[in-house]
Asks: 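Okay, handing you the structure first.
Here is the naming used below: chain letters follow the sequence lines, and residue numbers restart at 1 for every chain.
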Amino acid sequence: MTSTSAAAIIAARIEAAVARLHPGETGGLDTVARPSEHADAQVNVALALAKRLGKNPREVAEQIARSVEVVGVCRSVEVAGPGFLNITFDDAFLGEKLREMASGESLGLRQAAVTETVVVDYSAPNVAKEMHVGHLRSTIIGDALVRMLTAVGHRVVRENHIGDWGTPFGMLIEHLVDLGEAGASRELSVGDLDAFYKEARKKFDASEQFQDRARKRVVALQAGDADTLRLWNLLVAESARYFAQVYEKLDVLLKHSDLRGESTYNHLLAAVVERLRAAGLLQQDDEAEVVFPPGFTNRENQPLPLIIRKKDGGYNYATSDLACVIDRVENIGATLLVYVVGAPQAQHLAMVESVAASAGWLKPPARMEHVAFGSVLGSDRKMLRSRSGDAVKLVELLDEAVQRAEASIREKNPELDPAVRSVVAHQIGIGAVKYSDLSNDRVKDYVFDWERMLSFDGNTAPYLQYAHARICSIFRKAGEKRSAVRDVRPLVAHQAERALALSLLQFDTVVHDAIDRFSPHRLCTYLYELSSRYTAFYEHCPVLKADGDVRQSRLALCDLTARVLEHGLGMLGIGAPEQM
RNA sequence: GCGUUCGUAGCUCAAUGGAUAGAGCAUCUGACUUCGGAUCAGAGGGUUGGGGGUUCGAGUCCCUCCGAGCGCGCCA
C-alpha cells in the first residue's frame with residue numbers, strides 16, 4: 001500500500017523534464033527534492049546540469065520549470081537565486097498525500113529496499129561489575145538503532161557481548177569463596193556489584209597469597225574444572241539478573257536471551273587460529289601469534305600487529321572478536337554487523353575488520369559498521385563522574401531521572417491520578433535521559449544536564465511528549481475516536497497547516513536517512529521540528545471551535561501528528577503518554 | 001612522535017557541497033476570562049579556531065597551523 005511520496009513524485013517529474021530537454025544527460029544528476037526555507041521544496045539539478053552543458057544555470061532552470069509536468073501536483077515551480085527550482089505543492093495534492101499516509105499502519109514509512117539480517121552489538125557490561133554511565137550511550141543508541149532497523153523490516157539480532165571471561169574472574173571467584181556462596185549471592189543480588197568487585201580488587205592488590213589463589217583459579221576455570229565453572233556460573237547468573245533489572249528500568253529491548261558473553265566463543269578460538277594459519281596470515285612475533293593488517297603502525301612506525309594468541313598461549317579479545325565475525329556471518333547469516341562501541345575502539349575494530357576481510361570471512365555484501373560515540377560530560381566538560389570521583393552508577397542516575405520527573409509533574413499537574421503519575425514519571429524521566437543522549441550527534445561528546453533535559457521547552461523529550469499529550473487531550477474533549485478521522489483528506493489552507501503538513505510528509509525520508517547514517521539524532525531533530533510546527537498550528541488553528549469540514553480536517557492533522565510522534569518516539573525507545 | 005575525532009551565537013546544540021549558517025536556553029518586547037500558558041509571536045546576538053586551496057557555490061571536501069579529547073603489542 002506504500003504510496004509514492006510528494007518529494008519522490010516531484011523528483012521524478014523533474015527528471016522526466018530533464019530527460020526530454022537534454023536526452024542522455026540525466027545520469028548522475030541530483031534531482032532530489034529537499035525541504036526548503038523558501039518554498040515547499042527545492043531542486044538543485046539545474047546548477048550541476050548547466051555546468052555540464054556549459055550553459056547559463058538560470059536559463060537551464062527556467063527551461064525545466066516551463067517544461068515540467070506538474071498539473072495536480074504543484075501550484076508553482078519557480079526559478080530563484082542562481083538556478084534553484086522552488087516547488088510549491090498544490091494544497092489538495094498535499095491533503096491527498098496526508099490521507100494516504102494516515103490510512104495505513106506504517107504512516108508512509110517504506111520498508112527497506114533490501115531486507116538484511118543485521119546483528120547489533122551493544123551495551124556489553126561486565127559480569128560482577130556495576131553498570132555505569134559508560135554503558136549508557138551504547139545501550140541507548142543500540143536500542144534505538146534496533147528499533148529503527150526493525151521498523152523498516154530488517155531482521156535484527158540483538159547481541160549483548162558481556163564481559164564474562166578473562167583473568168579478573170580468578171580474583172572474583174576467590175572473593176566469592178571467601179564470602180561463602182550464600183553471602184556472596186546476597187551481596188550480588190542487592191545490586192552492589194561495585195563493592196564486590198572493589199573488595200576483590202583490594203585483596204588482590206594487597207595479598208600475594210590471594211594473587212596466587214586467583215591465578216590458580218583462572219587456570220582451573222580455563223581448564224573447565226567443574227566446581228570452578230559452577231562458581232563462575234553463579235557470578236554470571238546473578239549479574240545477568242541484575243542487568244535485566246537495569247534494562248527493564250531503562251526500557252530497552254535487551255533480554256536474557258540476547259546475552260552472548262565472550263565465553264560463548266571460547267570453543268571457536270582455536271579454529272580462528274587455525275583458519276588464520278591456513279590463510280597464511282598468521283605470523284610469529286615475539287613468541288606471540290599475530291596478524292599484521294596493512295596500514296597500521298605503532299609509535300615507532302613499525303607494523304602494528306593484531307595479537308591472536310599471547311605468548312602465554314592465551315587468547316585475547318581480538319581473537320574472540322574474530323570468532324564473533326565468523327559466527328555472525330556464517331551461522332547467523334548477517335550481512336551487516338553493527339558495533340555500538342565507543343570511539344576509542346576505532347582502531348581495534350578497523351584492525352579486526354581488516355583481518356576478517358583478508359581471511360575471507362567478511363565478503364561483500366557482508367560488512368562491519370562501527371557506530372562510534374563520544375563521552376558523557378559533566379558541567380565541567382570532563383567525563384561525568386560522581387562526587388566521589390567514581391563512575392556514576394546507572395541505576396542511581398535513572399532513579400534520579402524518574403524522581404525529578406515525578407516532582408515536576410506533581411508540581412505542574414497536581415490533579416493527575418497518582419497511579420498514572422508514577423507510570424508517566426517513568427516515561428518522562430527515562431525519556432529525558434534517552435533523548436538528551438540521542439538528540440546529539442553521537443560522534444561528539446555531550447554535556448549531561450538535568451535541568452535542560454527535563455525542561456518542557458526546547459529540543460527535549462518532555463516537549464515532544466507534551467505535544468502528544470495535548471493532542472490526546474483534544475480528542476478526549478472532542479468525544480471523537482482517533483480512528484474516525486483517518487479517511488479524512490485534510491484541508492491544507494492556513495500557513496500553519498501547510499507547514500505542519502510538509503513536516504508530516506517528511507517522516508519516511510527522515511527515518512531512512514537516520515537509519516542510513518546510524519544517526520538517531522536526525523530523527524530527534526525532525527520530531528522536534530514537527531512538534532514546534534504542531535504547537536504553532538495549535539495556536540493559530542482552533543480545532544474544537546471549528547465546524548464541519550475544517551474541524552474534521554484539523555482533527556485528522558492532530559491524529560496524524562500524534563501517530564508520527566508516538567511512532568517516532570517509539571523508535572527511539574521513548575514512551576508517549578496520553579496525559580502528563 | 002604517528003593516527004584519529006572534535007572546534008559553529010554568552011551557554012547547549014543543528015545544518016546529503018546549495019540561497020541571508022538555523023534552533024533552544026539566557027536577555028529584551030508583545031499576546032491569555034487558555035481546544036492543557038508545561039504555550040505562542042517577535043527582537044538583538046556569528047569573520048563557523050587561524051590561514052591557504054578545490055568548486056558556479058565550502059561550516060561541510062583537500063593542505064597547513066593552533067587548541068581539546070581519545071588511541072598507539074600480549075587488559076577488554
Side-chain angles (χ1 to χ4, degrees), chain A residues 30 32 34 36-38 42 44 47-48 50-51 56-57 80-84 86 124 126 161 163 165-168 262 285-290 295-312 314-318 320-321 342-348 350 372 374-375 377 379 381-383 408-409 411-413 436 439-441 443-447 449 451-453 455-460 462-463 465-467 469-478 513 516-517 521-522 524-525 528-529 532 535-536 538-546 554 558 579-580:
Chain A
D30 173 17
V32 174
R34 300 184 167 76
S36 170
E37 290 171 38
H38 305 87
Q42 72 179 61
N44 303 333
L47 295 147
K51 176 74 179 166
N56 180 310
F84 300 109
N86 280 352
N126 291 310
H161 204 72
W165 203 254
T167 45
E262 290 160 62
D285 186 69
D286 192 18
E287 293 177 67
E289 299 198 87
V290 308
F296 295 90
T297 54
N298 66 10
R299 286 171 204 278
E300 283 76 44
N301 242 314
Q302 306 298 317
L304 184 67
L306 189 65
I307 292 165
I308 303 301
R309 196 165 192 191
K310 301 183 287 189
K311 62 179 162 191
D312 69 2
Y315 304 101
N316 72 356
Y317 72 129
S320 103
D321 282 345
Q345 300 261 22
Q347 182 177 268
H348 167 72
S375 312
L377 307 179
S379 52
R381 293 214 128 252
K382 290 182 180 158
M383 297 263 281
S408 170
I409 300 167
E411 180 200 325
K412 288 169 174 155
N413 188 2
S436 81
S439 61
N440 286 288
D441 184 357
V443 81
K444 299 182 183 176
D445 297 344
Y446 81 95
V447 177
D449 183 329
E451 297 271 320
R452 216 167 47 235
M453 76 176 76
S455 165
F456 291 83
D457 298 302
N459 188 10
T460 67
Y463 180 81
Q465 289 168 322
Y466 177 59
R470 272 170 136 188
I471 296 174
C472 294
S473 168
I474 285 184
F475 276 92
R476 276 194 301 273
K477 283 232 167 65
D513 179 54
D516 291 345
R517 298 152 176 267
H521 86 278
R522 291 196 162 244
C524 294
T525 303
Y528 175 57
E529 189 187 69
S532 309
T535 50
Y538 181 93
E539 288 293 320
H540 298 110
C541 302
V543 179
L544 298 180
K545 289 173 190 160
R554 289 180 178 169
C558 287
Q579 47 183 322
M580 57 193 274

Asks: With C1' as the reference atom in both, quote the distance from G71(B) to G52(B) in angstrom, rounded to an integer.
Replies: 30 Å

Asks: Could you measure between the two C1' atoms, the one in C72(B) and the one in G59(B), and give it in whole Å?
Replies: 31 Å

Asks: Partner lookup for U47(B), please. Criteria are Watson-Crick or G-U wobble with both distances under 3.5 angstrom; report none if nothing qualifies.
Replies: none

Asks: Could you tell me whether Y446(A) contacts a base, only the sugar-phosphate backbone, or nothing, with contacts defined as non-hydrogen atoms closer than 4.0 Å?
Replies: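 Sugar-phosphate: the residue Y446(A), judged by heavy atoms under 4.0 Å, touches backbone atoms but no base.
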
Asks: Would you indicate what A469(A) reaches in the nucleic acid, counting non-hydrogen atoms under 4.0 angstrom: base, sugar-phosphate, or nothing?
Replies: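 Contact class for A469(A): base.
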
Asks: What interatomic distance, in whole Å, is found between C1' of U5(B) and the corresponding atom of G45(B)?
Replies: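 Approximately 30 Å lies between the C1' atom of G45(B) and that of U5(B).
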
Asks: What does P82(A) touch in the nucleic acid at a heavy-atom separation under 4.0 angstrom: a base, only the sugar-phosphate, or nothing?
Replies: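 The residue P82(A) makes no contact with any strand.
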
Asks: Between P168(A) and S532(A), which is nearer to the 5' end of RNA chain B once each is assigned its nearest nucleotide?
Replies: S532(A)

Asks: Which nucleotide sits closest to the side chain of A536(A): A14(B), U5(B), A41(B)?
Replies: A41(B)

Asks: Nearest to the side chain of K444(A) - A19(B), A38(B), A14(B)?
Replies: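 Of the options given, the side chain of K444(A) lies nearest A14(B).
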
Asks: Between G36(B), C25(B), G18(B), which nucleotide gets closest to the side-chain atoms of N44(A)?
Replies: G18(B)

Asks: Counting the atoms with a prime plus P, OP1 and OP2 as sugar-phosphate, which does N126(A) contact under 4.0 Å by heavy atoms, base, sugar-phosphate, or nothing?
Replies: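 No contact.
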
Asks: Classify the nucleic acid contact of A288(A) as base, sugar-phosphate or nothing, counting any heavy atom under 4.0 Å across all strands shown.
Replies: base

Asks: Parallel under 30°, tilted from 30 to 60°, perpendicular over 60°: which one fits the rings of H348(A) and Y317(A)?
Replies: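 The arrangement is parallel - the two ring planes meet at less than 30°.
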
Asks: For G22(B), what is the paired nucleotide under Watson-Crick or G-U wobble rules, both distances under 3.5 Å?
Replies: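 Pairing partner: C13(B).
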
Asks: So for Y317(A) and A76(B), does any side-chain atom that can act as donor or acceptor lie under 3.5 Å from a complementary atom in the base?
Replies: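 Such a pair exists between side chain and base.
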
Asks: Measure from the side chain of E37(A), starting at C-beta and using heavy atoms only, and say which of A14(B), G22(B), C13(B) lies closest.
Replies: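 In terms of side-chain proximity for E37(A), the closest of A14(B), G22(B), C13(B) is G22(B).
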
Asks: OP1, OP2 of U12(B) versus side-chain N and O of R381(A): anything below 4.0 Å?
Replies: yes

Asks: Looking only at atom C1', what distance separates A26(B) and G69(B), rounded to whole Å?
Replies: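 Between the two C1' atoms, the distance is 28 Å.
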
Asks: Taking OH from Y528(A) and P from U12(B), how many angstroms apart are they, rounded to a whole number?
Replies: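 Going from Y528(A) (OH) to U12(B) (P), I get 17 Å.
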
Asks: Can the ring centres of H38(A) and F84(A) be said to be less than 6.0 Å apart?
Replies: no

Asks: Quick one: which of C35(B), U12(B), C40(B) gets closest to the side chain of R452(A)?
Replies: U12(B)

Asks: Taking any strand in view, what nucleotide pairs with U39(B) in a Watson-Crick or G-U wobble way, both distances under 3.5 Å?
Replies: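 Pairing partner, where one exists within any strand: A31(B).
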
Asks: Have a look at V543(A) and say if it touches a base, only the backbone sugar-phosphate, or nothing, with a 4.0 Å heavy-atom cut-off.
Replies: base

Asks: Could you measure between the two P atoms, the one in C25(B) and the one in U39(B), and give it in whole Å?
Replies: 8 Å

Asks: Are V447(A) and R452(A) side-chain neighbours, meaning at least one heavy-atom pair lies under 4.5 Å?
Replies: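 Counting from C-beta outward, V447(A) and R452(A) do come under 4.5 Å.
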
Asks: If you compare every side-chain N and O of H161(A) against the phosphate oxygens of A76(B) (OP1, OP2), does one of them come in below 4.0 Å?
Replies: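 No, H161(A) has no side-chain N/O under 4.0 Å of OP1/OP2 on A76(B).
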
Asks: When rounded to the nearest Å, what value does the distance between C1' atoms of A43(B) and G7(B) take?
Replies: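 The same atom, C1', in both gives a distance of 29 Å.
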
Asks: Would you mind reading off the distance between N316(A) atom CG and C74(B) atom C1', rounded to a whole angstrom?
Replies: 6 Å

Asks: Taking the minimum atom-to-atom distance to the side chain of K477(A), which one of A41(B), A19(B), C35(B) wins?
Replies: C35(B)

Asks: Over all strands shown, is M383(A) touching base, sugar-phosphate only, or nothing at heavy-atom distances under 4.0 angstrom?
Replies: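 Here M383(A) touches no strand at all.
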
Asks: Figure out the CD/P separation between Q345(A) and G3(B), and round it to whole Å.
Replies: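 Going from CD in Q345(A) over to P in G3(B) covers 21 Å.
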
Asks: Touch check for P344(A), heavy atoms < 4.0 angstrom, all strands: base, sugar-phosphate only, or nothing?
Replies: sugar-phosphate

Asks: Looking at every strand, decide which applies to N86(A) at a 4.0 Å heavy-atom threshold: base, sugar-phosphate, or nothing.
Replies: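 Base contact - N86(A) has a heavy atom under 4.0 Å of at least one base atom.
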
Asks: Look at the side chain of Q347(A) and decide which nucleotide, out of C35(B), U39(B), G71(B), has an atom nearest to it.
Replies: G71(B)

Asks: What closest approach, in Å, do E262(A) and G163(A) show between heavy atoms, and which atom pair accounts for it?
Replies: OE2-CA, 2.9 Å

Asks: From the set C35(B), A15(B), A19(B), return the single nucleotide nearest to any side-chain atom of R522(A).
Replies: A15(B)

Asks: Rounded to whole Å, how long is the line connecting atom OH of Y538(A) with atom P of A31(B)?
Replies: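 Taking atom P of A31(B) as the reference, OH of Y538(A) is at 21 Å.
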
Asks: Contact class for S473(A) vs. all strands (heavy atom < 4.0 Å): base, sugar-phosphate, or nothing?
Replies: base

Asks: Is there a side chain to side chain donor-acceptor pair (under 3.5 Å) between Y463(A) and T535(A) once you walk through the steps?
Replies: CA-CA 10 Å; Y463(A) 180 81; T535(A) 50; 3.0 Å; yes

Asks: Backbone N or O of I409(A) within a donor-acceptor pair of the E411(A) side chain at under 3.5 Å?
Replies: no

Asks: Once you apply the 3.5 Å cut-off to both distances, tell me the Watson-Crick or G-U wobble partner of U4(B), or none.
Replies: G69(B)

Asks: Do you know which two heavy atoms are closest between A124(A) and H161(A), and how far apart they sit?
Replies: CB-O, 3.3 Å

Asks: Rounding to an integer number of Å, can you tell me how far L304(A) CG sits from C2(B) P?
Replies: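 To the nearest whole Å, that distance equals 16 Å.
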
Asks: Could you measure between the two P atoms, the one in A68(B) and the one in U8(B), and give it in whole Å?
Replies: 14 Å

Asks: Can you tell if the side chain of T297(A) reaches within under 4.5 Å of the side chain of P303(A), non-hydrogen atoms only?
Replies: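 With C-beta onward as the side chain, the pair stays apart.
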
Asks: Taking the side chain from S436(A) and the backbone from M453(A), do they hold a donor-acceptor pair closer than 3.5 Å?
Replies: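 No, S436(A) side chain to M453(A) backbone: no donor-acceptor pair under 3.5 Å.
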
Asks: Under 4.0 Å, heavy atoms only, any strand: does A80(A) hit a base, just the sugar-phosphate, or nothing?
Replies: base

Asks: How close or far is atom C1' of C25(B) from atom CG of N440(A), stated in whole angstroms?
Replies: 14 Å

Asks: For a quick check, tell me whether the side chain of D286(A) and the base of C74(B) share a donor-acceptor pair closer than 3.5 Å.
Replies: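 Looking at the base of C74(B), it does pair with a donor or acceptor on the side chain of D286(A) (distance under 3.5 Å).
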
Asks: If you measure from the C1' atom in U27(B) to the same atom in G10(B), how many Å do you get, rounded?
Replies: 10 Å

Asks: Taking all atoms of both residues into account, what is the closest heavy-atom pair of S375(A) and D445(A), and its distance?
Replies: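 For S375(A) and D445(A), the tightest heavy-atom pair comes out as N-OD1, 2.8 Å.
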
Asks: Hey, which sits more toward the 5' end of RNA chain B by its nearest nucleotide, H348(A) or V32(A)?
Replies: V32(A)

Asks: Which part of the nucleic acid, if any, lies within contact of E287(A), taking any heavy atom under 4.0 Å across all strands shown: a base, the sugar-phosphate backbone alone, or nothing?
Replies: nothing

Asks: Could you tell me the separation between the OH atom of Y463(A) and the P atom of U12(B), rounded to a whole number of Å?
Replies: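 Rounded to the whole Å, the gap is 23 Å.
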
Asks: Can you tell me the Watson-Crick or wobble partner of U60(B), both distances under 3.5 angstrom?
Replies: none

Asks: NA contact type, D312(A), heavy-atom cut-off 4.0 Å: base, sugar-phosphate, or nothing?
Replies: nothing

Asks: I want to verify a distance call: between G24(B), U8(B), U12(B), whose nearest atom is closest to the D457(A) side chain?
Replies: G24(B)

Asks: K311(A) near the nucleic acid: base, sugar-phosphate alone, or nothing, with a heavy-atom cut-off under 4.0 Å?
Replies: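 Base contact.
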
Asks: L544(A) side chain: which of C35(B), U39(B), G18(B) is closest?
Replies: C35(B)

Asks: Taking CD from Q42(A) and P from G57(B), how many angstroms apart are they, rounded to a whole number?
Replies: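 Going from CD in Q42(A) over to P in G57(B) covers 18 Å.
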
